[in-house]
Each structure stands twice: as structure tokens, then as C-alpha cells.
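Below is one structure, written out as C-alpha cells; the observations come after it.
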Amino acid sequence: MEIPLLLTASGLANGALYALVALGLVLVYKTQDVVQFGHGEVLMIGAFIGYSLLNYLGLPYPAAMLAAVLACGIMGFVLERIAFRPIAYHHHITLAMVTVGLSFALKGIARIPFGADIYTFPRLFPDTPTIVWGKLIVTPQHLVTIGVALALTIGLFVFFRSTTMGKQMRATQQNLTGASIIGINTGLIFSGTWALACAIGAVAGVLAAPDALLYPDMGARFLLKGFAAAVLGGFESVPGAIVGGLLIGLIDNFAGFYIDTAFQEISAYCIIILVLFVWPYGLFGRRPTHRV
Amino acid sequence: MLEIAGLEAGYGALKVLRGISLAVPKGKVVALLGSNGAGKTTAMKAIMGVVERFAGSIRLDGQQIEKLPPHAIVARGLALVPQGRELFPEMTVVENLELGGLVRGLAGAELATDMEAVFKRFPRLDERRTSRAGSLSGGEQQMLATGRALMSRPSVLLLDEPTTGLAPIIVQELVRIIRALNQGGQTILLVEQNVRMALSVADYVYVIRGGSIVMESEAAKLDGADAMFKAYLG
């Protein structure tokens with residue numbers, strides 16, 4: 001019983017990270033119909049900014065992480081405005097290729113000061129021992145990850161349901177023309193969505209870095225897992241991204257233990273292929289219907 | 001009052017509107033009639049800033065609006081009920097109406113008052129407050145789209161083919177609603193293919209063909225059976 005519990009705890013922690021990555025992908029996709037292939041690098045940039053503020057400027061841990069998240073939010077806002085708005089109505093392949101370019105650009109930018117070295121990202125509670133509850137053993141970092149992801153999910157739910165900006169984002173996601181003609185500033189919504197997605201990516205980055213280590217190529221793995229989570233969840237569903245992420249984390253851990261650790265490397269590909277073949281609309285996606 | 005002069009608009013290299021001019025005086029219902037592909041919907045979208053405008057001026061209550069983005073145009077007092085209704089299908093009737101009032105910054109009691117006025121005008125929506133917009137019938141969706149536009153308290157309401165795809169009984173209901181709105185002082189620009197319906201509510205009529213205004217007249221002077229009028233409509 002101990003091993004399944006252990007696998008579940010760490011699977012949920014990893015899954016929470018994948019869910020956050022998937023959330024960023026889904027938000028941008030729902031609003032602008034573009035898969036943001038540079039999202040893994042946003043996570044990496046967020047982690048490097050947090051690391052720099054912590055180590056070089058000596059900011060307190062929470063302040064450094066918060067500043068990193070804010071910085072990535074601003075980066076997302078600016079990126080959308082200068083790189084994507086001018087081509088917002090181009091073919092989606094064009095947009096996707098620009099995001100691929102963004103991925104390479106961000107990796108290149110990170111390599112200028114940091115090279116290709118691997119850095120150790122400090123933990124929030126480095127001296128707190130592993131927590132043991134009966135047969136359940138959880139590291140403080142895992143608890144922080146799950147707690148932050150949970151709080152963020154609840155916060156986003158409230159944001160989308162109760163705030164004016166959140167409702168405008170939902171409206172724009174559902175009908176861009178409709179949003180324009182009722183007076184929603186859709187340009188601001190585009191930028192705001194990118195800001196939100198990148199800020200969430202940065203949260204994932206600073207939470208992942210203590211375990212995943214910090215290096216310019218760290219984003220690729222998270223992008224793949226997040227992509228698989230989004231596909232499993234239905235790609236247009238925010239709850240789907242959360243559930244998909246948690247499931248991917250659990251599948252990864254259990255398959256890695258009971259089948260082979262090598263399976264963890266390919267599990268995301270297997271899940272993407274399986275879902276696209278068997279269940280193309282994912283767990284929470286809807287088959288599009290048209291009134292005739 | 002809405003005044004349009006020499007408006008040219010289209011999609012990329014395709015010019016659909018070839019310099020149309022029309023006026024919608026305060027408190028009046030003006031109809032823009034034309035057959036399929038004449039440029040009616042493009043005219044509506046160009047006025048709202050959704051379609052690229054190449055030339056011409058658009059003045060709303062004396063203010064130039066042709067260079068403004070759609071959200072700024074709505075804030076100045078124009079509201080469009082589009083042909084495809086363009087509702088937010090996953091949101092409830094109440095949420096759709098709330099968003100309609102957003103541009104005016106309506107909140108709290110003011111928002112509730114305006115929403116109740118819409119429900120009073122459209123009792124069927126009142127019965128379906130918590131239904132998703134996507135689950136409503138065609139007639140109900142048209143009412144919701146109209147109610148949503150009214151929530152922005154427009155000085156000019158643009159109705160783009162409101163009767164398309166609706167049963168005759170619903171069309172009659174819409175005619176009654178348009179008349180009631182106009183009697184309440186609402187200025188309306190109505191785009192229609194349904195000539196009989198348009199003539200029954202309009203004060204003044206323009207006919208558009210091939211992206212140009214080819215005929216205009218007071219509605220009362222027009223006979224729906226007039227040969228030239230019919231010819232212009234194609």
C-alpha cells in the first residue's frame with residue numbers, strides 16, 4: 001500500500017505542474033486558436049528570472065518568485081502585442097510557426113547569460129524534513145506545488161466566473177466577433193490572456209525548477225507533458241487541462257514504476273496518440289455541433 | 001443621428017462597398033434593402049469597424065467614428081444585432097445581457113434595472129434566464145441578441161436581417177418589438193431582404209445593389225409592387 005500512496009503523492013505534484021502548463025496552452029488556444037509551442041520556454045524564463053532575483057539581487061524567496069511571475073506576465077502582454085497581434089488573423093500554421101520561433105528565441109536569450117550549464121534552484125523550505133502521515137510520505141516541495149496549483153485553480157475559477165475581465169475573456173473565447181460588436185476591447189483581451197498564460201507558466205517554472213533543475217532546455221519536457229494533458233482534457237477546456245495534467249502525472253509515475261522507467265519518457269506521446277485515435281475531443285472537449 | 005458619406009469598404013483587395021451615403025435621422029427607422037451579396041451586411045460591419053474601411057466618413061451625433069475600433073464605436077452609442085446573432089453560446093441569458101451592459105459600465109442596481117427592462121420587453125427570455133444561449137431557439141436567440149444590444153443603451157441600433165430563418169409568427173413579434181422600440185424614441189437602421197416587413201416599419205428606405213445605393217425614398221411613397229423598385233432589388 002505504501003508504494004501506490006507514494007506514487008500518487010508525487011504523481012499529483014508532477015501532475016499539478018503539467019496542469020499549469022496545460023492551462024497556459026489552453027488559455028491561448030481558446031482565445032487565439034494558436035498552439036503556443038514556446039510555452040515551455042516561458043516556464044524556463046520564469047524560473048531563470050526567479051533564480052536571478054534570488055541569487056544575484058538577494059530578494060526574499062516569495063518576493064523573487066512573485067516578481068518572476070509578474071515579469072513573465074508583462075513579457076506575455078508585450079509579446080502578444082508586438083509579435084502576434086499584427087498577424088492575429090493569419091493562418092493558424094503561420095501563428096504556430098511564430099511560436100516555434102519564439103521557443104528558439106527564448107532559449108537563445110537564456111543561453112547568453114547562463115550558457116548551457118545546469119543550475120540548482122533552491123527550495124522554499126530547504127530545511128524542512130519530508131512529511132510523514134502514516135504510510136504517506138510527501139516532500140514539502142510537493143506539498144507547496146499541489147497547494148499553489150490548487151489555489152491558482154480556485155483563483156482562476158473565481159476570476160473567470162465573477163470578474164468583469166474574466167467574463168470578457170470567456171466571451172472572447174466563445175465568440176470573437178460577438179465580443180467585438182458588444183464593445184469588448186478584444187486586443188486588450190488577447191494581451192491579457194497571454195499575460196495570464198505566461199504568468200501561470202512562470203508559476204509552473206519556479207515550482208518545477210527545484211526538482212527538475214534549471215537549464216535553458218528544461219521547457220521542452222514540460223511542454224510535451226502539458227501538451228499531452230491539454231489533449232487529454234480536450235484542449236479547449238480549462239477543467240480538462242487540470243484533470244488532464246493530474247492524470248498525466250499519475251500515469252507517468254505508475255507506468256514508470258510498474259512497467260519501466262523508460263516509459264515515462266514516451267508516455268506523453270502514447271497518450272497523445274491514443275487520445276487522438278480513440279477520443280479526439282478528450283475528456284472535457286465537445287464534439288462541435290451546428291444548428292441547421 | 002447617423003450619417004454615412006462615401007463609405008468604401010471590403011475584405012483585403014476586394015472592395016464590396018463602393019461609396020455609399022445614407023442618413024439615419026434621430027428617432028426614425030431607416031431600412032437598407034438589397035438582395036443577397038448586395039453589400040448590406042458588409043455595410044453594417046463597416047459601420048461597426050469590424051470590416052476594413054477604405055474611404056468615406058461615418059458620423060454619429062456629429063462625431064467622426066470611422067477611424068475608431070469596434071469597442072470605441074460601441075462606447076460612442078452604436079449597437080449591432082448581427083445577422084448570425086453572435087451570442088456567447090456557453091454563457092447564460094443573464095451573462096450575455098450583463099456583457100451587453102459592460103460598455104456602459106453598468107453594474108449593481110443600474111444593471112438590474114436595465115436587465116429587467118429587457119425581460120419585460122422579451123418575456124420569453126425572462127423564462128430562460130439561466131439557460132445557455134446556445135440552447136435557445138432561433139427566435140429566442142434573436143431576442144437575446146436584440147436585448148444584449150439594448151443593454152448598451154445605443155443611440156442608434158443596427159439590425160442586420162433580424163427575420164432571417166424565423167417563423168412568420170416570430171417575424172410578426174419582431175415587427176411589434178421594432179415598432180415599440182421606435183415609439184420609445186430608439187433610432188434604428190434596419191437591413192432586410194424581407195421588403196414587406198421592412199416597409200411596414202421603416203420611415204425611409206435605401207436600396208443597395210452591387211455595393212452602391214441605387215435608390216432612396218420615403219417608405220410611405222413606395223409601393224412594394226413598384227416595377228422599378230423590384231428591379232433594383234434584383
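Protein chains get the first letters and strands the later ones, always in sequence-line order, with residue 1 at the start of each. From a predicted model like this one, the values you see are computed outputs, not experimental measurements.
When each of B/Arg148, B/Glu98, B/Glu86 is scored by its heavy-atom pairs under 4.5 Å with chain A, the top score falls to B/Glu86.
Considering all non-hydrogen atoms of both residues, B/Pro70 and A/Ser180 come closest at CB-O, 3.7 Å.
The CG atom of B/Asn96 lies 7.5 Å from the CD1 atom of A/Ile182; values are rounded to the nearest 0.5 Å. Rounding to the nearest 0.5 angstrom, the gap separating the NZ atom in B/Lys45 from the OG1 atom in A/Thr177 is 6.5 Å. Going from atom NE2 of B/His71 over to atom OG1 of A/Thr186 covers 7.0 Å, rounded to the nearest 0.5 Å. One finds the CG atom of A/Asn175 at 11.0 Å from the CE atom of B/Met91 (value rounded to the nearest 0.5 Å). Taking CZ of B/Phe88 as the reference point, atom OG1 of A/Thr172 lies at 7.0 Å (rounded to 0.5 Å). Taking CG of B/Leu102 as the start and CD of A/Gln168 as the end, the distance is 4.5 Å to the nearest 0.5 Å.
More than 12 heavy atoms of other residues, nucleotides or ligands lie within 6.0 Å of OH in B/Tyr11, so this atom counts as buried by the packing criterion. The local environment of NZ in B/Lys28 is sparse, with at most 12 non-hydrogen atoms from other residues, nucleotides or ligands closer than 6.0 Å. Counting heavy-atom neighbours within 6.0 Å of A/Phe104 CZ, excluding the residue itself, gives a total of 12 or less. Other residues, nucleotides and ligands contribute over 12 non-hydrogen atoms within 6.0 Å of the CG atom of B/Leu14. Around the CZ atom of A/Arg81, the shell of radius 6.0 Å holds no more than 12 heavy atoms that belong to other residues, nucleotides or ligands.
Of the atoms belonging to B/Pro89, heavy atoms from both backbone and side chain fall under 4.5 Å from chain A. Proximity to chain A (any heavy atom under 4.5 Å) is restricted, for B/Met48, to the side chain, taken from C-beta onward. Heavy atoms closer than 4.5 Å to chain B are found nowhere in A/Gln173, neither backbone nor side chain. For B/Leu87, the part lying under 4.5 angstrom from a heavy atom of chain A is the backbone only.
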Practice prompt. Mind running side-chain contact (heavy atoms from CB on, under 4.5 Å) on B/Leu99 and A/Lys167 for me, showing each step along the way?
Written response: CA-CA 8 Å; B/Leu99 284 163; A/Lys167 285 180 182 175; 4.2 Å; yes
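Salt-bridge check for A/Arg170 with B/Glu90: failed, with every basic side-chain N at 4.0 Å or more from each acidic carboxylate O.
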